[in-house]
Undergrad: 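My structure is below; once you've seen it, I'll send some questions.
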2 protein chains.
Amino acid sequence: MNSRNTKAKSVILQLLKEAKQALSHDALQAALAGSADRATIYRVLNRFCTEGIIHRTVGDDGKQYFALCVDCQEKHHQHNHFHFRCFTCGKVECLPNQIEVNLPKGYRTENFTGFISGYCAACA
Amino acid sequence: MNSRNTKAKSVILQLLKEAKQALSHDALQAALAGSADRATIYRVLNRFCTEGIIHRTVGDDGKQYFALCVDCQEKHHQHNHFHFRCFTCGKVECLPNQIEVNLPKGYRTENFTGFISGYCAACA
DNA sequence: CTTATTATTGCAACTTAGTCGCAATAATAT
DNA sequence: ATATTATTGCGACTAAGTTGCAATAATAAG
């Protein structure tokens with residue numbers, strides 16, 4: 001009785017799967033076209049994050065983006081990759097490079113956020 | 001007649017100099033203790049950014065942090081470094097490492113944001 | 001199939017971060 | 001001393017995200 005299959009959950013998951021890129025809350029809300037409440041979308045996304053189905057990153061626009069990143073699916077969840085946002089087309093994609101930043105002695109990493117914005121190949 | 005010396009500007013600059021780390025708007029506001037208006041602080045910070053005196057980064061908490069980073073002062077402004085935020089003490093510091101991320105062909109970088117949060121040596 | 005349990009939803013209110021218009025203030029130049 | 005206009009303070013506003021609560025609807029149990 002832990003988790004239930006609801007329309008909102010399956011549609012949001014489907015959208016994230018199809019997108020193959022990171023989506024913001026409002027992009028999802030637009031795609032859902034009123035079929036789910038604002039708060040519900042936020043809650044579903046947060047649930048997916050804690051369940052480890054998707055990962056969250058914060059853009060340099062201060063907004064949260066959610067992605068179902070392909071290569072960190074089954075493996076030990078490692079999200080030390082950068083995200084790229086195109087100013088023109090607005091898409092936010094996961095970049096393949098895994099980054100290692102060496103922190104000062106004694107520091108412990110809990111969360112990694114790498115974000116680059118600019119113009120993608122199609123829009124540059 | 002481009003820029004004027006005002007109390008707000010000099011105090012905020014002074015605070016950023018003393019801090020030797022990135023400060024958020026509300027940290028500055030607290031330090032200013034009512035001696036400057038919310039909106040003024042935001043405006044001064046934005047002005048400093050466009051003047052190139054300080055740089056802005058967005059934390060994984062979605063908040064903006066402003067720093068007068070030492071090593072990118074006079075040089076050609078290069079802010080491809082990571083910032084680290086400690087969950088416990090809350091400080092946000094600039095990490096020395098300059099990062100190079102190789103983007104897909106044809107992509108143009110406009111903005112770089114690297115943010116790591118966790119526990120600093122003193123708090124871990 | 002029917003009923004009970006409770007995860008999930010929708011709604012509304014709320015918080016926080018940041019921006020903006022406008023009149024008042026006060027640096028600087030004349 | 002006066003004029004110019006950058007800057008400030010105030011208030012209203014927006015956008016992103018969260019939360020409380022009652023209603024809804026998956027699932028489990030009978």
Side-chain angles (χ1 to χ4, degrees), chain A residues 1-16 22-51 53-67 83 85 87 90 92 111 113 115 117, chain B residues 1-16 22-51 53-67 83 85 87 90 92 111 113 115 117:
Chain A
M1 210 180 306
N2 270 343
S3 179
R4 294 180 184 180
N5 263 344
T6 68
K7 198 181 146 210
K9 281 172 69 173
S10 53
V11 176
I12 290 172
L13 191 55
Q14 188 54 36
L15 285 168
L16 286 166
L23 297 179
S24 59
H25 169 269
D26 50 311
L28 282 164
Q29 182 167 358
L32 285 161
S35 80
D37 187 70
R38 260 167 46 77
T40 299
I41 303 173
Y42 276 117
R43 279 189 279 228
V44 168
L45 289 169
N46 285 335
R47 243 176 280 145
F48 282 170
C49 281
T50 54
E51 287 169 14
I53 302 175
I54 64 177
H55 68 277
R56 176 206 323 263
T57 195
V58 177
D60 52 12
D61 52 1
K63 293 189 350 188
Q64 303 183 346
Y65 288 87
F66 302 88
H83 294 82
R85 177 168 64 101
F87 286 137
V92 174
N111 214 295
T113 305
F115 214 92
S117 47
Chain B
M1 211 181 300
N2 270 343
S3 178
R4 292 181 184 177
N5 263 345
T6 68
K7 198 181 147 212
K9 281 172 67 172
S10 53
V11 176
I12 290 173
L13 192 57
Q14 187 55 37
L15 285 168
L16 285 166
L23 296 178
S24 61
H25 169 269
D26 49 309
L28 282 164
Q29 182 168 357
L32 284 162
S35 81
D37 186 69
R38 258 168 48 75
T40 300
I41 303 173
Y42 276 115
R43 280 190 277 229
V44 168
L45 289 170
N46 286 334
R47 241 176 282 144
F48 282 171
C49 280
T50 54
E51 287 170 15
I53 302 175
I54 65 178
H55 67 277
R56 178 204 323 261
T57 195
V58 177
D60 52 13
D61 52 0
K63 293 190 346 188
Q64 303 183 345
Y65 288 87
F66 302 88
H83 293 83
R85 177 169 64 102
F87 286 137
V92 174
N111 214 296
T113 305
F115 214 92
S117 47

Undergrad: Is any side-chain nitrogen or oxygen of Gln64(B) closer than 4.0 Å to OP1 or OP2 of dA17(C)?
TA: no

Undergrad: Tell me the interatomic distance from Tyr65(B), atom OH, to dA17(C), atom C1', rounded to whole angstroms.
TA: 11 Å

Undergrad: The side chain of Tyr42(A) is closest to which nucleotide in this list: dA17(C), dG17(D), dT19(D)?
TA: dG17(D)

Undergrad: Nearest 0.5 Å please: distance from the CD1 atom of Ile53(A) over to the CZ atom of Phe66(A).
TA: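 Answer rounded to 0.5 Å: 13.0 Å.
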
Undergrad: Looking only at side-chain N and O atoms, does Ser3(B) come under 4.0 Å of OP1 or OP2 in dT7(D)?
TA: yes

Undergrad: Would you mind reading off the distance between Ile41(B) atom CD1 and dC20(C) atom P, rounded to a whole angstrom?
TA: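 After rounding, the gap between these two atoms is 17 Å.
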
Undergrad: Of all the choices, dC10(D), dT9(C), dT8(D), which nucleotide is nearest to the side chain of Lys9(A) once you look at every atom?
TA: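 It is dT9(C).
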
Undergrad: Taking the side chain of Arg4(B) as heavy atoms from C-beta outward, which of dA6(D), dT8(D), dG17(D) is closest to it?
TA: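 Taking heavy atoms from C-beta onward, the closest nucleotide is dA6(D).
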
Undergrad: Can you check the Ile12(A) CD1 to dT9(C) C1' distance for me, whole Å?
TA: 11 Å

Undergrad: State, with a plain yes or no, whether a side-chain heavy atom of Leu32(B) is found less than 4.5 Å away from one of Gln29(B).
TA: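 The answer is no, as the side chains (C-beta and beyond) never meet within the 4.5 Å cut-off.
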
Undergrad: Classify the side chain of Arg43(A) versus the base of dG17(D) as yes if they form a donor-acceptor pair under 3.5 Å and no if they do not.
TA: no

Undergrad: Atom CG of Asp60(A) and atom P of dA17(C): how far apart are they, to the nearest Å?
TA: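 To the nearest whole Å, that distance equals 19 Å.
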
Undergrad: Could you tell me whether the side chain of Thr113(B) reaches within less than 4.5 Å of the side chain of His83(B), counting heavy atoms only?
TA: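 Counting from C-beta outward, His83(B) and Thr113(B) never come under 4.5 Å.
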
Undergrad: Between dG17(D) atom P and Gln29(A) atom CD, what is the distance in whole Å?
TA: 11 Å

Undergrad: Can you tell me the distance, in whole Å, between the CZ atom of Phe48(B) and the C1' atom of dA6(D)?
TA: 14 Å

Undergrad: In whole Å, what is the span from the CG atom of Asp61(B) to the P atom of dG17(D)?
TA: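 My rounded result for the distance is 12 Å.
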
Undergrad: Which residue, Arg56(B) or Lys7(A), contacts DNA chain C at a nucleotide closer to its 5' end, judged by nearest heavy atom?
TA: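 Whichever sits nearer the 5' end wins; that is Lys7(A).
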
Undergrad: Please tell me which of Val44(B) and Asn46(A) maps to the more 5' nucleotide of DNA chain D, matching each residue to the nucleotide holding its nearest heavy atom.
TA: Val44(B)

Undergrad: When we call it a touch if two heavy atoms are under 4.0 Å apart, what does Arg38(A) touch: a base, just sugar-phosphate, or nothing?
TA: base

Undergrad: Rounded to the Å, how far apart are Asn5(A) CG and dT24(D) C1'?
TA: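 Result: 16 Å.
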
Undergrad: Is there a side-chain contact between Arg85(B) and Lys63(B), using heavy atoms and a 4.5 Å cut-off?
TA: no

Undergrad: Check every atom of dG9(D), dT9(C), dT7(D) against the side chain of Thr6(A) and return the nucleotide holding the closest atom.
TA: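 So the side chain of Thr6(A) is nearest to dT9(C).
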
Undergrad: For the residue pair Ala8(B) and Thr40(B), what are the closest heavy atoms and their distance?
TA: CB-CG2, 4.0 Å

Undergrad: Give Arg47(A) one of three labels, base, sugar-phosphate or nothing, depending on what nucleic acid heavy atoms sit under 4.0 Å from its own.
TA: sugar-phosphate

